[in-house]
Asker: 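Mind having a look at this structure? Questions to follow.
Each chain gets a letter, A, B and so on, in the order its sequence line appears, and its residues count up from 1.
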Amino acid sequence: MSLSSTPRVRIAPSPTGDPHVGTAYIGLINFLVARQGGGKFVLRIEDTDRTRFVPTSEQMIFDALRWIGLSWDEGPDVGGPFGPYRQSERTEIYQKHAEILLANGAAYRCFCTPEELEASRKQQIAAKMAPRYAGICRKLSEATIESNLAAGKPFVIRMRVPWEGSTTFRDELRGDITFEHTNVDDQVLMKSDGFPTYHLANVVDDHLMQITDVIRAEEWISSTPKHVLLYQFFGWELPRFWHMPLLRNADKSKISKRKNPVSLVYYRQAGFLPQTVLNFLGLMGGGMPADINNSTEKFTLEEMIQHFSIKNIRLGGPVFDLTKLKWLNGEYLRALSPDDFYTALRSTVLADDYLKEIAALIQTRIETLGQFGDLTGFFFADDILPAPEVFLPKKRTLEETLAFVVEQLTLLEATDWTTAALEPALKQLGDSHGWLVKENFMLLRAILTGSTMSPPLLESMVVFGKARTLDRLRRFLDAQKKSAGQKK
RNA sequence: GGCGCCAUGGUGUAACUGGUUAACACGCCGCCCUCUCAAGGCGGAGAGUUCGGGUUCGAUCCCCGAUGGCGCUACCA
């Protein structure tokens with residue numbers, strides 16, 4: 001493999017939930033680099049964490065990336081010469097490579113239990129030391145290892161980071177970055193369940209898949225020395241590293257679902273056009289030349305391929321500003337022909353499937369068809385903000401109510417979006433907090449629909465969708481926070 | 001706490017790899033258009049480039065330090 005050859009780049013999302021805007025952002029940059037260099041864009045699914053695995057997630061990721069217009073040359077669903085592209089199907093490969101490391105002493109088996117590790121970590125923190133693996137299993141005798149193995153003791157495989165020295169690597173956007181080895185932990189490479197961690201899988205796959213440029217988010221900088229060390233252990237050539245700035249919430253923290261809609265499903269369902277999202281992402285961090293960026297700020301994927309330059313990326317973390325996103329979307333919407341605009345409506349917020357599901361909810365509650373809008377308005381609205389008279393239960397204070405909404409939100413985020421899952425979860429939450437089912441459900445109803453009368457709550461939530469429902473709750477809380485701030 | 005990264009109006013970006021009254025867009029304010037609201041047009045407020053040193057004839061741009069923000073610090077990615 002030669003790094004001067006045409007680029008092979010990849011994105012490697014984890015199927016742990018909804019497709020993330022951050023994935024789309026990094027995907028876009030990788031896509032552009034691949035297209036510009038006449039190279040290949042690879043999609044690899046990093047499903048090595050079975051505790052966070054969400055079965056429906058992978059398909060949602062495919063759909064979302066295709067929706068915004070990014071397509072990949074190689075991936076689990078389209079195949080390619082370096083498959084499989086799903087890490088869970090490559091476990092023997094990682095196993096084999098872990099053994100190579102074991103054999104040449106670059107890695108070792110660690111029999112420490114999670115409890116022991118936790119205790120050691122606490123101790124180190126108390127002693128104001130940087131928490132890192134204490135190294136107990138670093139030099140177990142061959143005999144001890146054999147007997148532990150024979151006894152069937154579970155173990156992980158850790159990389160042996162040299163005690164001394166440092167590792168320097170080049171970040172193509174920042175220059176050389178150095179980490180002292182005293183600050184690099186003996187990272188776990190293989191978990192006790194036989195799956196690799198990101199660090200091992202990522203390095204092995206990037207090498208085997210002949211990735212030339214690793215373009216990923218900035219949060220990976222601190223673990224890059226581990227990756228570089230692994231490449232050296234294997235005697236492999238390093239790819240180039242490009243660390244992109246992290247998308248931010250309005251308060252500049254790393255973008256998160258708690259503070260911002262982060263699911264591409266949300267953006268689709270809320271009625272953003274794919275070209276808007278793509279264009280907006282292209283604005284993040286710059287990269288487009290001044291004459292284009294400065295004059296219109298509006299450009300297509302094709303124009304990005306034409307003019308974008310990854311070397312011009314700004315390193316400050318850009319705030320993902322919904323206000324500007326909406327403006328941009330408005331621009332695209334207005335530019336549509338009346339026919340296309342109508343088609344856009346009919347394929348999203350007025351889609352047949354959606355209308356059908358809604359119709360089913362109100363048929364028993366309707367007297368004339370003309371009342372349809374009265375009964376279902378909240379399904380088609382974006383800004384629903386009930387007044388306290390509507391959402392506040394009679395015997396509750398504003399404070400305890402809002403605190404309970406936070407609990408509801410946290411619960412809902414973690415609950416499967418079916419009535420069968422939602423009902424017991426919500427009821428249990430209410431029970432444990434001393435909230436009557438009536439109060440509990442009415443509160444949610446008010447926030448979701450803006451009214452105390454509505455089609456059945458749970459069914460409505462399911463039809464409205466998880467992403468949009470959660471967004472409505474978050475916006476409600478934000479609005480309440482703001483109005484509380486104004487009163488002070 | 002330790003380590004690392006970053007730093008231009010409220011937000012996103014621009015300013016030929018040192019020379020500009022620091023530009024554009026979003027947002028905000030006002031005016032025009034108009035049956036309303038948008039859209040559209042016109043205009044305005046808002047940063048002397050986080051701060052302090054240095055290099056230079058000259059720093060947004062180069063160097064050092066401080067401060068601040070962010071990230072990482074898992075058998076998560």
Side-chain angles (χ1 to χ4, degrees), chain A residues 12-17 20 22-23 45-53 87 110-114 117-118 121 124-133 154-158 166 169 171 173-175 177-185 187-202 216-226 243-255 279-298 311-328 330-331 333-335:
Chain A
S14 272
T16 54
H20 198 278
T23 302
I45 294 293
E46 306 225 330
D47 54 352
T48 56
D49 182 355
R50 72 294 115 158
T51 62
R52 294 202 304 156
F53 180 73
Q87 291 187 328
C110 170
F111 296 90
C112 294
T113 65
L117 294 173
E118 186 52 33
R121 194 173 302 134
Q124 289 171 325
I125 291 171
K128 301 212 165 170
M129 292 164 63
R132 82 198 302 282
Y133 181 61
F155 64 90
V156 301
I157 297 175
R158 288 180 183 275
S166 62
F169 62 91
D171 176 287
L173 297 173
R174 288 160 247 261
I177 298 176
T178 299
F179 284 81
E180 296 297 325
H181 287 167
T182 48
N183 293 314
V184 182
D185 205 359
Q187 187 61 235
V188 171
L189 300 177
M190 293 291 287
K191 302 179 252 188
S192 54
D193 64 1
F195 279 84
T197 58
Y198 170 85
H199 306 282
L200 207 224
N202 159 263
R216 78 232 293 193
E218 188 181 3
E219 55 190 335
W220 292 105
I221 289 178
S222 356
S223 39
T224 303
K226 293 168 187 170
H243 293 277
M244 301 296 295
L246 245 19
L247 263 25
R248 307 295 180 93
N249 297 310
D251 65 3
K252 298 273 190 183
S253 56
K254 167 174 152 180
I255 197 167
N279 185 160
F280 191 67
L281 254 15
L283 248 19
M284 302 283 90
M288 288 295 273
D291 54 338
I292 289 185
N293 191 17
N294 215 13
S295 56
T296 81
E297 295 204 307
K298 284 189 281 183
K311 294 204 165 151
N312 288 145
I313 287 293
R314 279 275 133 191
L315 266 12
V319 171
F320 192 88
D321 181 9
L322 269 317
T323 306
K324 186 156 182 176
L325 210 217
K326 277 194 213 165
W327 162 78
L328 225 209
E331 290 282 299
L333 250 16
R334 278 175 234 116

Asker: If I pick the C1' atom on B/G71 and the same atom on B/U17, what distance separates them, to the nearest angstrom?
Answerer: 29 Å

Asker: How far, in whole Å, is B/A45 from B/C24 if one measures between their P atoms?
Answerer: 12 Å

Asker: What is the distance from CG of A/L315 to P of B/G4, rounded to the nearest Å?
Answerer: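 That distance rounds to 17 Å.
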
Asker: Rounded to the nearest 0.5 Å, what's the gap from OH on A/Y198 to OG on A/S14? Could you check?
Answerer: 9.0 Å

Asker: Quote, to the nearest angstrom, the P distance that separates B/G65 from B/U13.
Answerer: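 Their P atoms lie roughly 27 Å apart.
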
Asker: Heavy atoms only: give me the nearest A/E297-A/L283 pair and the separation to one decimal.
Answerer: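 Residues A/E297 and A/L283, closest heavy atoms: O-CD1, 3.8 Å.
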
Asker: Taking A/E46 for its side chain and A/Q87 for its backbone only, find out whether a donor-acceptor pair lies under 3.5 Å.
Answerer: no

Asker: How far does CD of A/E219 sit from NE2 of A/H243, to the nearest 0.5 angstrom?
Answerer: 10.5 Å

Asker: Any sub-3.5 Å donor-acceptor pair from A/K324's side-chain atoms to A/F280's backbone N or O?
Answerer: no

Asker: When you measure from the side chain of A/N183 to the backbone N and O of A/S166, does any donor-acceptor pair fall under 3.5 Å?
Answerer: no

Asker: When the P atoms of B/U21 and B/A38 are considered, how many whole Å apart are they?
Answerer: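 Those two atoms are separated by 39 Å.
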
Asker: Is A/R174 salt-bridged to A/D171, cutoff N-O under 4.0 Å?
Answerer: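 So A/R174 pairs with A/D171 through a salt bridge.
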
Asker: Verify, without hydrogens or angle tests, whether A/R248 (side chain) and A/G316 (backbone) share a donor-acceptor contact under 3.5 angstrom.
Answerer: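 Such a contact is absent between A/R248 side chain and A/G316 backbone.
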
Asker: Between B/A22 and B/A47, how far apart are the two P atoms, rounded to whole Å?
Answerer: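 Their P atoms lie roughly 13 Å apart.
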
Asker: Under a 90° cut-off about 0 for the syn range, is B/G43 syn or anti?
Answerer: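 Here B/G43 takes the anti form, which means its glycosidic angle is more than 90° from 0.
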
Asker: For A/L283 and B/C24, what is the distance between atoms CG and C1' respectively, to the nearest whole Å?
Answerer: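 Nearest whole value for this atom pair: 11 Å.
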
Asker: Which is more 5' along RNA chain B, the nucleotide nearest A/G317 or the one nearest A/T178? Just name the residue.
Answerer: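 First, find each residue's nearest nucleotide; the 5'-ward one identifies A/T178.
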
Asker: Tell me the interatomic distance from A/L328, atom CG, to B/C26, atom C1', rounded to whole angstroms.
Answerer: 9 Å

Asker: Name the nucleic acid region contacted by A/R132, choosing base, sugar-phosphate or nothing; use a 4.0 angstrom heavy-atom cut-off, strictly under.
Answerer: nothing

Asker: What integer distance in Å separates A/I177:CD1 from B/C6:C1'?
Answerer: 11 Å

Asker: For B/U73 and B/C57, measure between their C1' atoms and round to the nearest Å.
Answerer: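 Nearest-Å result for B/U73 against B/C57 at atom C1': 48 Å.
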
Asker: In whole Å, what separates the P atom of B/G41 from that of B/C64?
Answerer: 47 Å

Asker: Evaluate the ring planes of A/F169 and A/F179, with Trp represented by its six-membered ring, and classify them as parallel (under 30°), tilted (30 to 60°) or perpendicular (over 60°).
Answerer: parallel

Asker: Heavy atoms only, 4.0 Å cut-off, all strands: where does A/F280 land among base, sugar-phosphate and nothing?
Answerer: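 Nothing, no heavy atom under 4.0 Å.
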
Asker: Calculate the interatomic distance between A/F320 atom CZ and B/C26 atom C1'; express it in whole Å.
Answerer: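 It is 14 Å, rounded to the nearest whole Å.
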
Asker: Are OP1 or OP2 of B/G12 and a side-chain N or O of A/K252 less than 4.0 angstrom apart?
Answerer: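 It does, given that an N or O in the side chain of A/K252 lies less than 4.0 Å from OP1 or OP2 of B/G12.
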
Asker: Grab the N/O contacts between the protein and nucleotides 35-41 of chain B below 3.5 Å, and write none if there aren't any.
Answerer:
residue : atom : partner : partner atom : Å
B/G40   : OP1  : A/E331  : OE2          : 3.4

Asker: Sort by first number and list every stem of RNA chain B: at least 3 consecutive Watson-Crick or G-U wobble pairs, both distances under 3.5 Å.
Answerer: B:1-7 with B:67-73, B:10-13 with B:23-26, B:28-32 with B:40-44, B:50-54 with B:62-66

Asker: Picking from B/C72, B/G4, B/U13, which would you name as closest to the side chain of A/S222?
Answerer: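 The answer is B/C72, which lies nearest to the side chain.
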
Asker: So if I take every side-chain heavy atom of A/R174 and compare against B/C3, B/U11, B/C5, which nucleotide ends up nearest?
Answerer: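 Among B/C3, B/U11, B/C5, the one nearest the side chain of A/R174 is B/C5.
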
Asker: If you check the A/T323 side chain, which of B/G27, B/A25, B/U11 turns out closest?
Answerer: B/G27

Asker: When rounded to the nearest 0.5 angstrom, what distance separates CG in A/L200 from OG1 in A/T48?
Answerer: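 Interatomic distance, A/L200 CG to A/T48 OG1, rounded to 0.5 Å: 10.0 Å.
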
Asker: So, taking the atom named OG in A/S222 and the one named CG in A/D185, what distance separates them when rounded to the nearest 0.5 Å?
Answerer: 12.5 Å

Asker: Could you check which of B/A25, B/C6, B/U73 has an atom nearest any side-chain atom of A/K324?
Answerer: B/A25

Asker: Can you tell me the distance, in whole Å, between the NZ atom of A/K311 and the P atom of B/U17?
Answerer: 14 Å

Asker: First locate atom CG of A/D321, then atom NZ of A/K326, and finally report the distance between them rounded to the nearest 0.5 Å.
Answerer: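 A/D321 CG to A/K326 NZ: 10.0 Å, rounded to 0.5 Å.
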
Asker: Between protein and nucleotides 75-77 of chain B, what N or O pairs are separated by less than 3.5 Å?
Answerer:
residue : atom : partner : partner atom : Å
B/C75   : OP1  : A/R121  : NH2          : 3.4
B/C75   : O2   : A/S192  : N            : 2.8
B/C75   : O2   : A/S192  : OG           : 2.8
B/C75   : N3   : A/S192  : OG           : 3.0
B/C76   : OP2  : A/K191  : NZ           : 3.3
B/C76   : O2'  : A/D49   : OD2          : 2.7
B/C76   : O2'  : A/R52   : NE           : 3.3
B/C76   : O2'  : A/R52   : NH2          : 3.0
B/C76   : O2   : A/R52   : NH2          : 3.3
B/A77   : OP1  : A/T48   : OG1          : 2.9
B/A77   : OP1  : A/K191  : NZ           : 2.7
B/A77   : OP2  : A/Y198  : N            : 3.2
B/A77   : O3'  : A/S14   : OG           : 3.0
B/A77   : O3'  : A/E46   : OE1          : 3.1
B/A77   : O2'  : A/S14   : OG           : 3.1

Asker: Between atom NE2 in A/H181 and atom P in B/C3, what is the gap in whole Å?
Answerer: 16 Å

Asker: Give the ring-plane orientation class for A/F155 versus A/F111, where under 30° counts as parallel, over 60° as perpendicular and anything between as tilted.
Answerer: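 The rings of A/F155 and A/F111 sit tilted, inter-plane angle from 30° to 60°.
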
Asker: Could you state the CD1-C1' distance from A/I157 to B/A74, rounded to the nearest angstrom?
Answerer: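 Value for this atom pair: 17 Å.
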
Asker: For the C1' atoms, the ones on B/G9 and on B/A14, what distance do you get once it is rounded to whole angstrom?
Answerer: 14 Å

Asker: Contact class for A/T182 (heavy atom, under 4.0 Å): base, sugar-phosphate, or nothing?
Answerer: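 No contact.
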
Asker: What is the distance from atom OG1 of A/T224 to atom CD of A/E218, rounded to the nearest 0.5 Å?
Answerer: 11.0 Å

